[in-house]
A.B. asks: 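Following this message is one structure expressed as structure tokens.
All values derive from a computational prediction rather than experimental measurement. A, B, ... follow the sequence lines: proteins, then strands. Residue 1 opens every chain.
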There are 2 protein chains.
Amino acid sequence: MYAIGEAARLSGVGIETIRYYEREGLIAPLPRSASGRRAFSADAVAELALIRRCRDLGFGLADIRALLGLTRGQPDCDAARSVAQRHLDRIRDQIVHLRRLEQVLTELAAGCDGQEAGCALLDALQGPAGSA
Amino acid sequence: MYAIGEAARLSGVGIETIRYYEREGLIAPLPRSASGRRAFSADAVAELALIRRCRDLGFGLADIRALLGLTRGQPDCDAARSVAQRHLDRIRDQIVHLRRLEQVLTELAAGCDGQEAGCALLDALQGPAGSA
DNA sequence: GCTTGATCCTGTAGCCGCTACAGGATGCAC
DNA sequence: GTGCATCCTGTAGCGGCTACAGGATCAAGC
């Protein structure tokens, strides 16, 4: 059994975050010592590490809740793949969106290099006179 | 002078959002009618539309605050460009990050297609045994 | 003048995923 | 027994809205 600080170090999840996950019901309520301190089994630490990996992949807590459910019963590959696929779709949408922004911003900033009258960037923001 | 609903329609900024911007000091306190209703000049509406365009470009309210300041005095092209450049850098970082996620997730999902023993996706999440 | 429905007001709480306190109780080493 | 590290609960803040509740006001029709 580990104390919360040790569990945090081992799993890579912050102490406050672990308490938050417990509050939110993402992990099961942890057993307590006589003085009320949380006690973490190796399995609990492993689950935290799993959550950590999912977070690193950008999954939201709702998705992680679903994935945790899938790891507890017998593995349902299709269900897991569909969670991952939906997440992947969202990521691709974000990439498309950000690339559009990147392009527009690059053009706006470039329009400012020649020191003509006024600031092309500020002008463009101020009114879509030329670009509708 | 326009009422808030009209200003919202004209600027593309939601009613609640306009009130929020005023509360946050992003726009100046709006003059009120005798009964306390906000009155929007054409300039106020134009400023809201400017904010809207900046939001569409992904700028945060702090950046927008700075950009609004730049549009009020005489235009400072360098300052504006540096705000935009910092924002562009952040966007590019995000794109890089998301692309990494996309690749990892794609590989994980692909590993699940052949129905071998267990679920490659769930296994990978559960422990970095093979990939360290 | 009265009713009706649209619009407006303030104030507060919720979203996500933490993070950072305050203020106090333990645990452990010396 | 004395420190210091660690732990506890509870609350508030981040960004950028959004969604209420509960009420006031306005404008149009009759």
Side-chain angles (χ1 to χ4, degrees), chain A residues 1-27 29-40 44-45 47-68 86-87 90-91 94 97 101, chain B residues 1-27 29-40 44-45 47-48 50-68 83 86-87 90-91 94 97 101:
Chain A
M1 285 293 182
Y2 307 96
I4 194 170
E6 196 68 10
R9 268 185 294 279
L10 291 171
S11 66
V13 177
I15 289 177
E16 309 266 22
T17 306
I18 293 175
R19 292 201 269 246
Y20 168 72
Y21 288 163
E22 192 192 18
R23 254 195 327 274
E24 293 297 300
L26 191 66
I27 56 176
L30 291 152
R32 304 298 186 111
S33 77
S35 65
R37 301 192 167 199
R38 292 171 182 83
F40 294 75
V45 171
E47 191 164 65
L48 286 173
L50 163 57
I51 294 174
R52 173 73 212 264
R53 275 187 294 274
C54 291
R55 289 294 298 135
D56 285 347
L57 288 172
F59 285 104
L61 296 197
D63 280 347
I64 294 179
R65 227 176 276 265
L67 290 172
L68 284 175
R86 258 188 299 113
H87 181 47
R90 269 176 281 153
I91 285 175
Q94 285 181 52
H97 179 61
L101 293 192
Chain B
M1 287 294 184
Y2 308 97
I4 195 170
E6 197 69 10
R9 269 186 293 279
L10 291 170
S11 67
V13 178
I15 290 178
E16 309 266 22
T17 306
I18 293 175
R19 293 202 269 247
Y20 167 71
Y21 287 165
E22 192 193 19
R23 256 197 324 276
E24 293 297 301
L26 191 65
I27 56 177
L30 291 153
R32 304 298 186 109
S33 76
S35 66
R37 298 188 170 202
R38 291 173 182 82
F40 295 74
V45 171
E47 191 164 66
L48 286 172
L50 163 56
I51 293 173
R52 174 72 211 263
R53 276 187 294 274
C54 291
R55 288 295 298 134
D56 285 347
L57 287 171
F59 285 104
L61 297 197
D63 280 347
I64 295 179
R65 228 177 274 265
L67 290 172
L68 284 175
V83 171
R86 258 187 298 114
H87 182 47
R90 270 174 282 152
I91 286 176
Q94 285 180 53
H97 179 61
L101 293 192

A.B. asks: Taking heavy atoms of chain B and a 4.0 Å limit, find me the 5'-most and 3'-most nucleotide of DNA chain D within that range.
C.D. replies: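 Under 4.0 Å from chain B, the extent on DNA chain D is D/dG16 to D/dC26.
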
A.B. asks: Return whichever of B/Gly58 or B/Arg19 has its heavy-atom-nearest nucleotide of DNA chain D closer to the 5' end.
C.D. replies: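 So the residue in question is B/Gly58.
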
A.B. asks: Atom CD1 of A/Ile18 and atom C1' of C/dG17: how far apart are they, to the nearest Å?
C.D. replies: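 So the two atoms are 15 Å apart, to the nearest Å.
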
A.B. asks: Do the side chain of A/His87 and the main chain of A/Leu57 share a donor and acceptor less than 3.5 angstrom apart?
C.D. replies: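 Yes.
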
A.B. asks: Within the distance-only criterion (no hydrogens, no angle test), does the side chain of B/Arg38 pair as donor or acceptor with the backbone N or O of B/Leu30 below 3.5 angstrom?
C.D. replies: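 Not a single qualifying donor-acceptor pair exists.
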
A.B. asks: What distance do A/Arg37 atom CZ and A/Met1 atom CE have between them, rounded to the nearest 0.5 Å?
C.D. replies: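 So the gap between those two atoms works out to 16.0 Å.
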
A.B. asks: Would you mind classifying the nucleic acid contact of B/Phe59 as base, sugar-phosphate or nothing, using non-hydrogen atoms under 4.0 angstrom?
C.D. replies: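 Nothing, no nucleic acid heavy atom in range.
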
A.B. asks: Within a strict 4.5 Å, meaning less than it, do heavy atoms of the B/Thr17 and B/Arg55 side chains meet?
C.D. replies: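 No; the side chains remain at least 4.5 Å from each other.
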
A.B. asks: Pull out every residue in residues 29-40 of chain B that has a heavy atom closer than 4.0 Å to any atom of DNA chain C, ordered by number, or say none.
C.D. replies: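 Contacts with DNA chain C under 4.0 Å: B/Arg32, B/Gly36, B/Arg37, B/Arg38.
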
A.B. asks: Run the salt-bridge test on B/Arg19 and B/Glu22 with the 4.0 Å N-O cut-off and return the result as yes or no.
C.D. replies: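 No.
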
A.B. asks: Hey, which sits more toward the 5' end of DNA chain C by its nearest nucleotide, B/Arg9 or B/Glu16?
C.D. replies: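 Nearest-nucleotide comparison on DNA chain C picks B/Arg9.
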
A.B. asks: With a 4.5 Å heavy-atom cut-off, do A/Phe40 and A/Ile18 have their side chains touching?
C.D. replies: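 Side chain of A/Phe40 against side chain of A/Ile18, heavy atoms only: contact under 4.5 Å found.
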
A.B. asks: May I have the distance from A/Tyr2 (atom OH) to C/dG27 (atom C1'), rounded to whole angstrom?
C.D. replies: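 One finds 19 Å between C1' of C/dG27 and OH of A/Tyr2, rounded.
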
A.B. asks: Which part of the nucleic acid, if any, lies within reach of B/Gly60 when heavy atoms closer than 4.0 Å are counted: base, sugar-phosphate only, or nothing?
C.D. replies: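 Sugar-phosphate only.
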
A.B. asks: Can you measure A/Asp63 atom CG to C/dC16 atom P for me and round it to whole angstrom units?
C.D. replies: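 Distance, rounded to whole Å: 12 Å.
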
A.B. asks: Looking at A/Tyr21, I want to see if its OH is surrounded by more than 12 non-hydrogen atoms of other residues, nucleotides or ligands under 6.0 Å.
C.D. replies: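 Enclosed: over 12 neighbouring heavy atoms sit under 6.0 Å from OH of A/Tyr21.
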
A.B. asks: For the residue pair B/Arg52 and B/Leu48, establish whether any side-chain heavy-atom pair is separated by less than 4.5 Å.
C.D. replies: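 B/Arg52 does not reach B/Leu48 side chain to side chain.
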
